[in-house]
Amino acid sequence: MLVQYSLKSFRSGQLIQGEIYLVIEIYIDFEREKTSYRIVSNTGCPAIYEANGFEIVSGNLDGYYWVQDKDDYIIITHKLIFEAGTNTFWEVYFDNPTSNESTLLENVVKDLSFREGIPAPTLEHNECS
């Protein structure tokens, strides 16, 4: 899935208006009526942003899994992240990733980018701290 950032500004230049971003995960919270995307920002960090700042460019969901976390919450993620345990994977990735976690996320980004026919965004774990 690809989205285009449509707001004029964002903190620290993490996003640029009009630029297209690859969605790694989608979070849908029915109780709060809120949708968020995890994308790779311009700093190379896979961060979460509210969906209302984006327009969908490609709704392609090939390669994603639907995970019902609770009755009122759905996560749409890649098979590899699902198998690693969605919450566990991100905790490890942002805390102290091994080469396995880093490689797993690189493979996810490469796979989803390939499915969209775009170059894979560059991941920079050091910029996420």
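Residue numbers count from 1 along this sequence. Bear in mind the structure is a predicted one, so any value in this text is a computation, not a measurement.
Between N60 and R115, the shortest heavy-atom distance links the atoms ND2-O, 3.4 Å. Closest of all the heavy-atom pairs between Q14 and T43 is CG-CG2, 4.3 Å.
At least one side-chain heavy atom of W66 sits under 4.5 Å from a side-chain heavy atom of L61. Here the side chains of F30 and I74 are in contact, with some heavy-atom distance below 4.5 Å. F89 places a side-chain heavy atom less than 4.5 Å from the side chain of L104. Side-chain contact between L2 and L22 is present, with heavy atoms from C-beta onward closer than 4.5 Å. Between L80 and N107 the shortest side-chain heavy-atom distance falls below 4.5 Å. Residues V23 and L112 fail the side-chain proximity criterion, which asks for heavy atoms closer than 4.5 Å. I24 has its side chain within reach of I81: a pair of non-hydrogen atoms, C-beta onward, lies under 4.5 Å apart. You'll find the side chain of P119 stays beyond 4.5 Å of the side chain of S113, heavy atoms only.
A donor-acceptor pair is defined here as one N or O able to donate and one able to accept, closer than 3.5 Å; such a pair exists between the side chain of S6 and the backbone of G53. R38 contributes no side-chain N or O that, together with a main-chain N or O of A47, makes up a donor-acceptor pair within less than 3.5 Å.
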- Show your working on side-chain hydrogen bond (donor to acceptor under 3.5 Å, both in side chains) between E101 and T98 and close with a plain yes or no. CA-CA 5 Å; E101 282 86 23; T98 65; 2.2 Å; yes
- Using the side-chain contact (heavy atoms from CB on, under 4.5 Å) rule, take E55 and V3 through it: C-alpha gap first, then chi angles, then the decisive distance, then the call. CA-CA 5 Å; E55 294 177 25; V3 294; over 6 Å; no
- Test log, rule side-chain contact (heavy atoms from CB on, under 4.5 Å), inputs L105 and L123: CA-CA 9 Å; L105 186 55; L123 293 164; 3.8 Å; yes
- Message: Using side-chain contact (heavy atoms from CB on, under 4.5 Å), reason through E19 and N42 one step at a time and then give a plain yes or no.
- Response: CA-CA 10 Å; E19 190 157 326; N42 292 340; 3.2 Å; yes
- Chi angles and distances behind the side-chain hydrogen bond (donor to acceptor under 3.5 Å, both in side chains) call for T77, E25: CA-CA 5 Å; T77 191; E25 290 184 319; 2.5 Å; yes
- Message: Run the side-chain contact (heavy atoms from CB on, under 4.5 Å) test on F94 and C45 for me, step by step, so that the C-alpha distance in whole Å, both residues' side-chain angles and the decisive distance to 0.1 Å come before the verdict.
- Response: CA-CA 10 Å; F94 286 111; C45 184; 3.9 Å; yes
- Query: After noting the C-alpha distance and the side-chain angles of S58 and E116, does the key distance pass the side-chain hydrogen bond (donor to acceptor under 3.5 Å, both in side chains) rule?
  - Reply: CA-CA 8 Å; S58 166; E116 288 290 351; 2.9 Å; yes
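Following chains of ILVMFWY side-chain contacts shorter than 4.5 Å, one cannot reach V109 starting from F114, and the two form parts of different hydrophobic clusters. Cluster membership for V108 and V92, using ILVMFWY side-chain heavy atoms within less than 4.5 angstrom, is not shared.
Y64 pairs by the ring-ring contact (aromatic ring centres under 6.0 Å, His included) definition with nothing, not counting sequence neighbours. Applying the ring-ring contact (aromatic ring centres under 6.0 Å, His included) criterion to Y65, with sequence neighbours excluded, gives F82.
Ring centroids of Y49 and Y37 are separated by 6.0 Å or more, keeping the two rings apart.
The number of heavy atoms from other shown groups lying within 6.0 Å of CD (E33) does not exceed 12.
Within the model, atoms CD1 of I39 and CD1 of I26 stand 12.0 Å from one another, a figure rounded to the nearest 0.5 Å. How far NZ of K34 is from CD of E50: 4.5 Å, rounded to the nearest 0.5 Å.
Ring geometry for Y21 against F54 counts as perpendicular: the plane angle is over 60°, on a 0 to 90° scale with 30° as the lower cut. Ring-plane geometry between W90 and Y93 is classed as perpendicular, the angle between the planes exceeding 60 degrees on a 0 to 90 degree scale with a lower cut at 30.
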